[in-house]
Amino acid sequence: MPITQPSRKELPIEVRGTPKLPLGMSTAQFLRDYWQKRPLLIRNAFPDFVLPIEPEDLAGLACEEGALSRLIQHDENRDRWRVKTGPLSESDFAKTGNANWTLLVQDVDKWDMDVAALLDHFSFLPSWRVDDVMISYAEPGGGVGAHVDQYDVFLLQGLGQRHWAISTDPEAPKDFRNDVELKQLQHFAPTHEWLLDAGDMLYLPPGVPHDGVAFGGPCMTFSIGMRAPSQAELVGDLADYLAEHLPEELRYADPDLAPVKRIGEIDKAALKRIRTALPMTTALDDATLSDWFGHFITRYRSAQSPLPPAKPLSEAALAKQLAGGASLLRHPWSRMAWVQAGSHCTLYANGYAYPATVRLAELLCTQRTLSPAPQTNAIEQVLLLALVNDGHLVPRKLRKGHA
Ligand code: SIN
Ligand code: CO
């Protein structure tokens, strides 16, 4: 029997999650009907949601050197917005009052393992599509104003209530206000409005105008944001990659050259040769294309990379630590992906390639902590040592007195 797909009209924009189906439907159905296509409000997506981070800790993080934070205040009467970028200080918070301001911190998953654990709920998506968990804290009336994002986002309500307004009108104008540095929309006419409670989650595909405002009391929203490289980024990186890898002798060539008729002209024959010199992706085999993509995607959008340990570990020293029960923590800034080509496997981490086995590559991408460290063959031992000495894996010794 053919599977009949619901028409666009019949698809609900609001559903209720259950413990078995947190998205209110199977992940396959969500991907088929909503992902990159239309918004969805999921009530109760995270029942009894427990905050993985307290507002004070978020404020503390916003004051750290290296954390990406913004403090945004809205003067409602004059419709003026003030944006202060981090690192923030205690005195910045002292001036905020108890309404119409919000603090936003990006990449919190890289700083806090409990926040990173939220991402486990999104493992039905390719892990390398995930950009970060951004967390906002807002007092009533606080928000960033109506805007459009270029990427998919899951807006999970963590604390208090937030009023969300969105527009599903495909014709909605997307011009920015030029008096505010926040890329806010000049015009915003909502088609849908909701009040979200803790545990509710709004999914938005790219390009949907939206505006979230804290309601009633303190409000925390967790934005699980995805990134897809733009064609411009892909082409730019691929061009660099090809420039590095193509042999010198492959170049513009003209063995068929006839005497020049009009000096200086780039004629049709020359254009044809330029095309021959730039076969681009159609001429790339799978191995080359996937090798480039592995390097690119694991470097993509990484604000930082793990630092190697001050002193590299020897093979024997690592083996001794692991035999003593040490576990291996994946560094939060480490971004990994892998490719299998026949019997070979390559692991990519922050733009570098490592020979790997499928088993270990998959394990490393799946688990933040390898505890106990796995039994390894020769390739895997070399891989673990290289990852430790490049800072991607951090050995953590078994604490004395613990089983
Ligand atoms: C917020 O949490 O205040 C903003 C999230 C968003 O609109 O992308
Ligand atoms: Co947004």
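Basis for what follows: all heavy atoms, side chains included, without hydrogens, waters or symmetry-related copies. Just follow the structure's listing: the first ligand is 1, and inside any ligand the first atom is 1.
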- Item | His121 ring center within less than 6.0 Å of Phe46 ring center | yes

- Item | Check against salt bridge (Lys or Arg N to Asp or Glu O under 4.0 Å), Asp75 and Arg80 | CA-CA 5 Å; Asp75 175 344; Arg80 293 268 284 275; over 6 Å; no

- Provide, to 0.1 Å, the distance between atom 2 (O) of ligand 1 and the closest protein heavy atom, together with that atom's residue and name. Ser136 OG, 2.7 Å

- Query: For ligand 1, does Arg162 get within less than 4.0 Å through its side chain, its backbone, both, or neither, judged by non-hydrogen atoms?
  - Reply: side chain

- So the angle subtended at the Co ion (ligand 2) by His210 atom NE2 and His147 atom NE2, rounded to 10 degrees, is 90°

- Query: Going through the distances and angles, do Gln157 and Trp164 end up as a side chain to side chain donor-acceptor pair (under 3.5 Å)?
  - Reply: CA-CA 11 Å; Gln157 190 57 25; Trp164 279 106; 4.6 Å; no

- Task: Could you list the atoms of ligand 1 found under 4.0 angstrom from a heavy atom of Ser223?
- Result: 5 (C)

- Crowded around Phe122 CZ? As in, over 12 foreign heavy atoms under 6.0 Å? yes

- Item | Side chains of Ser123 and Asp120, donor plus acceptor under 3.5 Å | no

- List every atom of ligand 1 that sits less than 4.0 Å from any heavy atom of Leu155, numbering the atoms from 1 in the order shown and giving each element. 5 (C), 6 (C)

- Task: For atom 7 (O) of ligand 1, grab the closest protein heavy atom and report residue, atom and distance to one decimal in Å.
- Result: His147 CE1, 3.0 Å

- Task: Report yes or no: does a heavy atom of Asp149 sit under 4.0 Å from some atom of ligand 1?
- Result: yes

- Do you know the tightest heavy-atom contact between Arg162 and Gly142? NH2-O, 3.7 Å

- Query: Quick one: does ligand 1 sit under 4.0 Å from the side chain of Trp164, the backbone, both or neither, non-hydrogen atoms only?
  - Reply: side chain

- Message: Students often mix this up, so state it plainly: with edges at 30° and 60°, are the rings of Phe30 and Trp35 parallel, tilted or perpendicular?
- Response: tilted

- Kindly assign one of parallel, tilted or perpendicular to the pair Tyr137 and Trp101, based on the angle between their ring planes and the thresholds 30° and 60°. tilted

- Message: Using a 4.0 Å heavy-atom cut-off, which part of Thr102 comes near ligand 1: side chain, backbone, both, or neither?
- Response: neither

- Task: Run the numbers for me: atoms of ligand 1, each under 4.0 Å from some heavy atom of His210, listed by number.
- Result: 6 (C), 7 (O), 8 (O)

- Message: Looking only at N, O or S atoms, which one in Asp149 sits nearest to the Co ion (ligand 2)?
- Response: OD2

